[in-house]
Amino acid sequence: MALRRQSENAPEELKAAETILAIATALAREIRPTAPARQFCLEHKLESDFGFDSLSRVELLHRIETELDLTLSEQELFQTETLEELVRS
């Protein structure tokens with residue numbers, strides 16, 4: 001993913017991380033509308049905390065690519081357990 005940590009890109013990376021978290025939070029609430037509302041963070045696990053299965057991970061990938069105008073491999077998404085890992089990859 002094109003969000004590698006570089007000091008000159010820190011504000012852009014922070015904005016991208018916040019956008020990815022917002023996308024994941026919205027998707028989690030869509031797929032589990034009756035679940036109690038909770039505050040998510042980048043360190044939460046995609047499967048156990050967000051409740052994402054393989055299909056919702058593909059949807060997350062699509063939404064991130066569309067919103068941030070970038071391309072991610074499905075392999076990247078399926079090999080990460082948290083959004084933080086995805087941002088750092």
Rounded to the nearest 0.5 Å, how far apart are [atom1] of [X] and [atom2] of [Y]?
{"X": "Thr80", "Y": "Leu72", "atom1": "OG1", "atom2": "CG", "answer": "9.5 Å"}
{"X": "Arg88", "Y": "Glu84", "atom1": "CZ", "atom2": "CD", "answer": "4.5 Å"}
{"X": "Glu43", "Y": "Glu81", "atom1": "CD", "atom2": "CD", "answer": "13.5 Å"}

If you define the side chain from C-beta out and look only at heavy atoms, does anything of [X] sit under 4.5 Å from [Y]?
{"X": "Asp49", "Y": "Arg38", "value": "yes"}
{"X": "Val58", "Y": "His62", "value": "no"}
{"X": "Leu86", "Y": "Leu42", "value": "no"}
{"X": "Leu46", "Y": "Thr82", "value": "no"}
{"X": "Leu83", "Y": "Phe50", "value": "yes"}

Nearest atoms (heavy-atom pairs only) where [X] meets [Y]:
{"X": "Leu27", "Y": "Ser56", "result": "CD2-O, 3.4 Å"}
{"X": "Glu74", "Y": "Leu61", "result": "CG-CD2, 3.5 Å"}
{"X": "Ser54", "Y": "Phe78", "result": "O-CZ, 3.6 Å"}
{"X": "Glu67", "Y": "Thr19", "result": "CG-CG2, 3.5 Å"}

Quiz item: Would you say Glu47 has more than 12 foreign heavy atoms packed within less than 6.0 Å of its CD?
Solution: no
Quiz item: Under 6.0 Å from the CG atom of Asp69, do we count more than 12 heavy atoms belonging to anything else shown?
Solution: no
Quiz item: Does Lys15 have any salt bridge (Lys or Arg N to Asp or Glu O under 4.0 Å) partners at least two apart in sequence or in another chain, and if so, which?
Solution: none
Quiz item: Mind checking what makes salt bridge (Lys or Arg N to Asp or Glu O under 4.0 Å) contact with Glu18, not counting sequence neighbours?
Solution: none
Practice problem: Name all residues meeting the side chain to side chain contact (heavy atoms under 4.5 Å, CB included) criterion together with Gln79; count only those two or more places apart in sequence or in a different chain, and write none if there are none. | Solution: Gln75
Quiz item: Charged N to carboxylate O below 4.0 Å: is that the case for Glu30 and Arg63?
Solution: yes
Exercise. Kindly assign one of parallel, tilted or perpendicular to the pair His44 and Phe40, based on the angle between their ring planes and the thresholds 30° and 60°.
Key: perpendicular
Practice problem: Ignoring hydrogens and angles, tell me if any N or O in the side chain of Arg57 forms a donor-acceptor pair with the backbone of Leu77 under 3.5 Å. | Solution: yes
